[in-house]
Amino acid sequence: MTRVRLHDKDFETFIPEADLSAAIDRVAADVSAAYQGKQPLFVGVLNGAFFFASELLKRVTIECEITFVKVASYHGTRSTGKVSQLIGLNERIEGRHVVVLEDIVDTGHTIRHIMDILAERRPASVTIATMLYKPDAYKQDVPITYVALEIPNEFVVGSGLDHDGLGRNLRGIYKIVEKKALVESDQSIA
Ligand code: IMP
Ligand code: MG
């Protein structure tokens with residue numbers, strides 16, 4: 001098991017790169033089947049979704065477009081629940097089939113905000129595709145249509161996800177090592 005330290009926190013291997021890749025394969029196949037002939041517009045949510053957007057798009061087999069937006073909603077290891085505006089959405093949304101691409105859906109505040117803004121622009125449809133989903137943390141009723149992997153309510157990094165800016169480049173997914181687990185492993189070494 002690989003362990004890495006990012007700022008003040010330790011993280012250990014959680015989801016191997018191959019498992020994540022296989023999960024993204026499944027989402028790409030589902031999306032390609034569902035949007036055949038609809039020329040969907042994928043909207044990746046920066047910064048975190050750059051990895052998922054890239055991995056998903058190279059597997060999608062149908063005609064499609066992609067654009068990126070940015071929201072600022074999260075600091076440190078806990079969701080603030082505060083979301084600022086959506087930056088960079090210049091495409092015409094009206095009448096389009098939109099698929100929002102997220103790195104992770106946690107409480108759902110971010111996705112709720114994005115869905116509200118997109119709805120004002122009268123798309124033909126909007127769905128969400130996320131790399132990771134924490135069902136135990138989710139507090140919204142917006143359906144999350146495409147999920148690569150569900151995870152427990154723990155803080156994770158890697159494959160686009162960060163801890164205060166670090167860890168986005170890690171392969172696969174790493175989860176935070178709780179203090180208790182650290183003490184136990186220290187004792188087992190002693
Ligand atoms: P939500 O608004 O609570 O659903 O949080 C969504 C955003 O918070 C994601 O797009 C991430 O940027 C960030 N986030 C939530 N959980 C994690 C995590 O476990 N690791 C890193 N970032 C996270
Ligand atoms: Mg994000």
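Side chains included, hydrogens not; waters and symmetry mates left out as well; all remaining heavy atoms used. As the structure lists them, so they are numbered: ligands from 1, and atoms in each ligand from 1.
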Enquirer: Any idea which part of D103 is under 4.0 Å from ligand 1, heavy-atom wise: side chain, backbone, both or neither?
Expert: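 The side chain, only.
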
Enquirer: Could you tell me whether E63 atom CD has more than 12 heavy atoms of other residues or ligands within 6.0 Å of it?
Expert: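 Open.
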
Enquirer: Checking side-chain contact (heavy atoms from CB on, under 4.5 Å) for the pair S21/R171: CA distance, chi angles, key distance, verdict?
Expert: CA-CA 11 Å; S21 177; R171 289 171 170 242; over 6 Å; no

Enquirer: Taking only non-hydrogen atoms of I104, do any sit less than 4.0 angstrom from ligand 1?
Expert: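 Judged by the 4.0 Å heavy-atom criterion, I104 does count as contacting ligand 1.
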
Enquirer: One thing to verify: whether E154 and K175 come together as a salt bridge, which I'm taking to mean a side-chain N less than 4.0 angstrom from a carboxylate O.
Expert: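 Judged by the 4.0 Å cut-off on N to carboxylate O distance, K175 and E154 do form a salt bridge.
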
Enquirer: Evaluate side-chain contact (heavy atoms from CB on, under 4.5 Å) for F51 paired with D103, printing each intermediate quantity in order.
Expert: CA-CA 8 Å; F51 171 89; D103 50 357; over 6 Å; no

Enquirer: Using a 4.0 Å cut-off to any heavy atom of E102, which atoms of ligand 1 qualify?
Expert: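 Selected atoms, number and element: 10 (O).
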
Enquirer: Is there any N or O on V157 that sits under 3.5 Å from an N or O of ligand 1?
Expert: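 Among all N and O atoms of V157, none is under 3.5 Å from an N or O of ligand 1.
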
Enquirer: Does G48 come within less than 4.0 Å of ligand 1, judged by its heavy atoms?
Expert: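 Per 4.0 Å heavy-atom rule, G48 does not contact ligand 1.
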
Enquirer: What part of L161, side chain from CB on, backbone N/CA/C/O, both or neither, has a heavy atom under 4.0 Å from ligand 1?
Expert: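 The side chain, only.
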
Enquirer: Less than 4.0 Å between a side-chain N and a carboxylate O, is that true for D30 and R26?
Expert: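 D30 and R26: not salt-bridged.
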
Enquirer: Give a yes/no on ligand 1: does E154 have at least one heavy atom closer than 4.0 angstrom to it?
Expert: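 Yes, E154 has heavy atoms under 4.0 Å from ligand 1.
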
Enquirer: N47: heavy atom below 4.0 Å from ligand 1, yes or no?
Expert: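 In this structure, N47 fails to qualify as a contact of ligand 1 - no heavy atom is under 4.0 Å.
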
Enquirer: So is R112 close enough to ligand 1, meaning a heavy atom under 4.0 angstrom away?
Expert: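 Not so, R112 does not reach ligand 1.
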
Enquirer: Flag the pair E65 and R96 as a salt bridge only when some basic side-chain nitrogen lies within less than 4.0 angstrom of an acidic carboxylate oxygen.
Expert: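 Salt bridge flag = yes for R96 with E65.
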
Enquirer: Decide, yes or no, whether a salt bridge links D10 with R3 under the criterion of side-chain N to carboxylate O below 4.0 Å.
Expert: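 The answer is no: the pair does not qualify as a salt bridge.
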
Enquirer: Distance under 4.0 Å to a non-hydrogen atom of D162: what atoms of ligand 1 satisfy this?
Expert: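 Atoms satisfying the 4.0 Å criterion: 21 (C).
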
